[in-house]
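Notes to accompany the following structure.
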Amino acid sequence: MKSILQELKTRVGSAVRRLDAEADPLVRASTEDQHGDYQSNCAMSLAKKLGRPPRSVAEEILRSLDIADLCEPPQIAGPGFINLRLRPDALASRLAAIPPAPSAGGDRLGIDPVEQRETVVVDLSSPNLAKEMHVGHLRSTVIGDCVCRILEFLGHDVIRENHVGDWGTQFGMLVAFLRRAQPDVLARPDSIAIADLEAFYIQAKALFDADPAFKKESQETVVALQQGDAATRLVWQAFCNESLRHCHRILDRLGVAVIDRGESFYNDLMPKVLDRLTRDGHAVESQGALCMFLEGFKTKEGEPLPLLIRKSDGGYNYATSDLATLVHRFETLGARRVIYVVGMPQKLHFEMLFAAAYKSGIAPATARLEHLAFGSMLAKSGAPFKTREGGTIKLKDLLDSAVARARQVIESSAAAAQGDAAGPIESSGSSEGADDPFAAAGPGDLAGPSAASVATRRSLTSAQMEDIAEVVGLAAVKYFDLSHNLAKDYRFDLDAMTSLEGNTAPYMLYAYARIRAIGRKAGVDYADLPAGEAMTLEHPSEIALARAVLRLPEILDQAAADLKPNLLTDYLYDLSKSFSRFYDRKLGVRVIDAPTPALRLSRLRLCDLTARALALGLSLLGIRTLEQM
RNA sequence: GCGCUCGUAGCUCAGUUGGAUAGAGCACCGGUUUCCUAAACCGGGGGUCGCAGGUUCGAAUCCUGCCGGGCGCACCA
């Protein structure tokens, strides 16, 4: 089924084209309810072009506009806006046409995949294996996963590439150090275990700086590694595997699937790509380095700035491996589109890389190369996000702190909801140590009752409580990240993201859980409700909710077209609010005890569709839903 | 110095190829509960959209120049 917006664009478009074959109908959702649900803004610009008064142009558009089955009679307002309000019966029949959710999962709410599917490579997460994943990897992982999920949902063939850093000089040092620290690594390469990769790296680096013999050993190891020495390679592989295990513990926890294909994978391809670029005359030598000179890039001194693809010492750098990677992605993986989910500071690099790829023909002219650049995650104070000592914060610790906070919030509100006499609730302790993300995250400072006692009172086992905290905590982190405009920096704020109020994951999850609870209370299984039959929408809150549910397809189109996850979060928040109003005791309607059986059924179906839209939207953000909170 | 990017309410942020009286949330003030989850809802105050010009029916949005923050600018990725 087409989205309502698409349908209106088609209808208004064909009316507008009678006046001007090329005019865009400019249909969009109205920002204010008084202006209807959708509006067309094309009459004003068209009037200018035709040299006629805009309102008369609007009137002429309306004369040939065939829309009575969908909308109330259109209104012309202001300078020439055409305001469209959807008819409740049209909303009702569209809702009724949504097929039931398949029991096997994969509910699409009747949204069709795109006609033209593409093979899209998304480069996401991509940490360096020398160290453990840290907070700097969160955004690429979360945003990349969301983009993949949206594109996958729309039917594209998405290849999620985890382009890990597993090659380069520091790996010589790490391999040499591993051989010293765990001498039996050659005998049992799969049994190595490094409890703390971060500490391991620091130790190795310290020894490298202090011990000339070890430094020499490290450098020899790099050479051996690059020459393909089997024993060295084995230890290197063991190290990388161990690091990847760390990595995938995090990714699994976040529910993010990727294909690991590190820089080393392209090692053999790099010289071939360089040969080809040299042979074709795209690469030239300058100051001993192999370079590609591209239009429009300048150095500080105003000289042409080349893309260096081989250092003067003969070594390769990341431009080299990125070009080789593109060769693989286009020629072997058959990509039509490559999306790099990488932070803003690398913008220049990607501009140059893309220019080089197009110029040299590595990227077909029809292919799309995109740098989905995002801003930095800052501390709550706005300072760089570091530990008090200035070190990097492990991603695992960050997630743990969010889960701990989520547990606190859930337990506190549960206690408050129970009218618990345990005293004032310590909603947060974050006023102190504002820069420390773990302030108040410890389990010891919980003012409310223990998890077990709350769980008991809410008839949840403590295992269920743990699960809820895990889901809510991770959802909070992801949602907070995705709800911000990608281009801007944002401040990591545990209190804000775990709040039950506002545009947060807990609010959304709560709305979902509420709806599921309504079904249980009503004694119906939503999955058994009849589809296809007529529904009734009469109350304003009911109509508004129906409209919100039916906007999901156009939001997904837009979010995919712009690669902007925050469009989806904003929509979900709006949907949740619409639901809360619908279910409000004052402004909403009765559901379970609706005045008639037909209304009860219709409203329960609306509840179900709302829950399904929420669940689908959240799933595309990489967020699990909960039946109970 | 050049380039990129951001600047919107006290705070954190939205704002769809330029659209109507610039929106939310938090915080603050007030209201709603014999009633399906009040973990909710409703209302209120609060803005020279960094500044100044320009483009036009219309500018937070596009152009120019300033101011302020961040990032980048030949061999680390």
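Numbered from 1 within each chain, the chains take letters A, B, ... in sequence-line order.
- Applying the 5.5 angstrom centroid cut-off and the 30 degree plane-angle cut-off, the aromatic ring of A:Phe81 is stacked upon the base of B:A20.
- When each of B:C36, B:U37, B:G23 is scored by its nearest atom to the side-chain atoms of A:Ala517, the top-ranked nucleotide is B:U37.
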Could you pull out every donor-acceptor pair under 3.5 Å between side chains of residues 126-135 of chain A and any protein atom, sequence neighbours left out?
from: A:Ser126; atom 1: OG; to: A:Asp123; atom 2: OD1; distance (Å): 3.0
from: A:Ser126; atom 1: OG; to: A:Leu124; atom 2: O; distance (Å): 3.0
from: A:Ser126; atom 1: OG; to: A:His163; atom 2: N; distance (Å): 3.0
from: A:Asn128; atom 1: OD1; to: A:Ala130; atom 2: N; distance (Å): 2.8
from: A:Glu132; atom 1: OE1; to: A:Leu197; atom 2: N; distance (Å): 3.4
from: A:His134; atom 1: ND1; to: A:Gly136; atom 2: N; distance (Å): 3.0

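- One finds a side-chain N or O of A:Arg585 lying less than 4.0 angstrom from the OP1 or OP2 phosphate oxygen of B:A38.
- Considering only side-chain N and O atoms, A:Lys488 lies under 4.0 angstrom from the phosphate OP1 or OP2 of B:A14.
- With B:U17, B:C57, B:A40 as the candidates, the nucleotide lying closest to the side chain of A:Asp584 is B:A40.
- Remark: A:Arg520 is not in phosphate contact with B:C36, judged by side-chain N or O atoms under 4.0 Å from OP1 or OP2.
- Sequence neighbours left out, the pairs with a member in residues 588-597 of chain A that pass side chain to side chain donor-acceptor pair (under 3.5 Å) are A:Arg590-A:Asp593.
- For B:U37, there is no paired nucleotide, since no Watson-Crick or G-U wobble pair has both relevant distances below 3.5 Å.
- Comparing atom distances between the A:Arg581 side chain and each of B:G19, B:C41, B:C36 picks out B:C41 as nearest.
- Distances shown here put a side-chain N or O of A:Asn566 below 4.0 Å from the OP1 or OP2 atom of B:G15.
- Aromatic stacking is marked for A:Tyr583 over B:C36, as both cut-offs hold: 5.5 Å for the centres and 30° for the planes.
- Remark: A:Lys48 in residues 47-57 of chain A come within less than 4.0 Å of RNA chain B through at least one heavy atom.
- The same atom, C1', is picked in B:G31 and in B:C66; the two are 48 Å apart, to the nearest Å.
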